[in-house]
Amino acid sequence: MTPEILAIEKVAEQLKNEGKNEEAIAKNIEILALDENFVRAHLALSVLYHKTEAHDKSVAHAEKAYQLEPDDFNAAALSVTYQRAFEGTRDPIYIQKAESVNTNMR
């Protein structure tokens, strides 16, 4: 990660803390334009898109983070993202996916 990415990430985090979700989304997208595999930006976007009720985008970024780094933390984050997407959409596919991730973590 470059100093430029870290500086943008810091601004994005501040914007998120101020409740400026759309601006924070834009900053994280800016990070991904510099490094499409920056996992923390994908995780941040997953959270931010959830807050803006863009559940498909939230899930896509959580899945990408897990694909890039398939560790327990990202698996748990993915499971929670699926559960939140289910709560927001009532689409049962998200519960099935959450259960699949949870089964693979055991």
Side-chain angles (χ1 to χ4, degrees):
M1 75 192 77
T2 68
E4 180 182 10
I5 287 175
L6 294 176
I8 297 168
E9 183 182 39
K10 185 175 181 180
V11 171
E13 183 66 21
Q14 182 63 38
L15 289 166
K16 183 184 85 164
N17 291 341
E18 294 171 2
K20 298 177 180 175
N21 295 326
E22 294 298 333
E23 293 94 333
I25 287 169
K27 285 295 178 186
N28 280 287
I29 289 171
E30 187 178 333
I31 290 169
L32 292 179
L34 297 170
D35 180 357
E36 66 185 33
N37 295 322
F38 193 69
V39 172
R40 291 195 314 246
H42 286 290
L43 291 171
L45 282 167
S46 179
V47 170
L48 289 161
Y49 280 129
H50 166 70
K51 288 182 177 190
T52 61
E53 298 186 27
H55 299 292
D56 290 342
K57 290 180 180 180
S58 176
V59 166
H61 283 284
E63 288 173 340
K64 182 67 175 179
Y66 181 71
Q67 176 190 9
L68 292 168
E69 289 183 12
D71 58 21
D72 287 346
F73 178 84
N74 291 335
L78 179 57
S79 178
V80 168
T81 301
Y82 286 141
Q83 292 170 46
R84 288 179 176 165
F86 172 73
E87 290 170 9
T89 65
R90 305 316 279 175
D91 185 340
I93 190 67
Y94 291 124
I95 286 300
Q96 294 167 6
K97 288 182 174 190
E99 289 171 354
S100 175
V101 171
N102 290 334
T103 299
N104 292 333
M105 287 179 59
R106 293 181 192 147

Among pairs that include at least one residue of residues 85-95, which meet side chain to side chain donor-acceptor pair (under 3.5 Å), considering only residues two or more places apart or in two chains?
Asp56-Tyr94
Working to the nearest 0.5 angstrom, can you tell me the gap between [X] [atom1] and [Y] [atom2]?
X: Lys51; Y: Ser46; atom1: NZ; atom2: OG; value: 11.5 Å
X: Asn21; Y: Lys16; atom1: CG; atom2: NZ; value: 9.0 Å
X: Arg40; Y: Asn28; atom1: CZ; atom2: CG; value: 10.5 Å
X: Leu45; Y: Lys27; atom1: CG; atom2: NZ; value: 13.0 Å
X: His50; Y: Thr81; atom1: NE2; atom2: OG1; value: 8.5 Å
X: Ile29; Y: Leu34; atom1: CD1; atom2: CG; value: 12.5 Å

Can you see which heavy atom on [X] is nearest to which on [Y], and at what distance?
X: Ala75; Y: Val101; answer: O-CG1, 3.2 Å
X: Leu43; Y: Asn74; answer: CD1-OD1, 3.5 Å
X: Ala12; Y: Ala24; answer: O-CB, 3.6 Å

Under 4.5 Å between any side-chain heavy atoms of Glu9 and Ile31, yes or no?
yes
Just so I know, are the side chains of Met1 and Leu6 near enough to count as touching, which here means a heavy-atom distance under 4.5 Å?
yes
Does [X] share a hydrophobic cluster with [Y], counting links as ILVMFWY side-chain heavy atoms below 4.5 Å and allowing steps through other members?
X: Leu78; Y: Phe73; result: no
X: Val47; Y: Leu32; result: no
X: Ile95; Y: Val59; result: yes
X: Ile5; Y: Ile8; result: yes

Scan the side chains in residues 61-69 for donor-acceptor partners under 3.5 Å anywhere in the protein, sequence neighbours excluded, and list what turns up.
{"unit_1": "His61", "atom_1": "ND1", "unit_2": "His42", "atom_2": "ND1", "d": "2.9"}
{"unit_1": "Glu63", "atom_1": "OE2", "unit_2": "Tyr82", "atom_2": "OH", "d": "2.6"}

Test log, rule side chain to side chain donor-acceptor pair (under 3.5 Å), inputs Glu99 and Thr103
CA-CA 6 Å; Glu99 289 171 354; Thr103 299; over 6 Å; no
Residues Gln96 and Ser100: side-chain donor-acceptor under 3.5 angstrom
no
Does Glu13 come within less than 4.0 Å of Lys10, counting only side-chain N to carboxylate O?
no
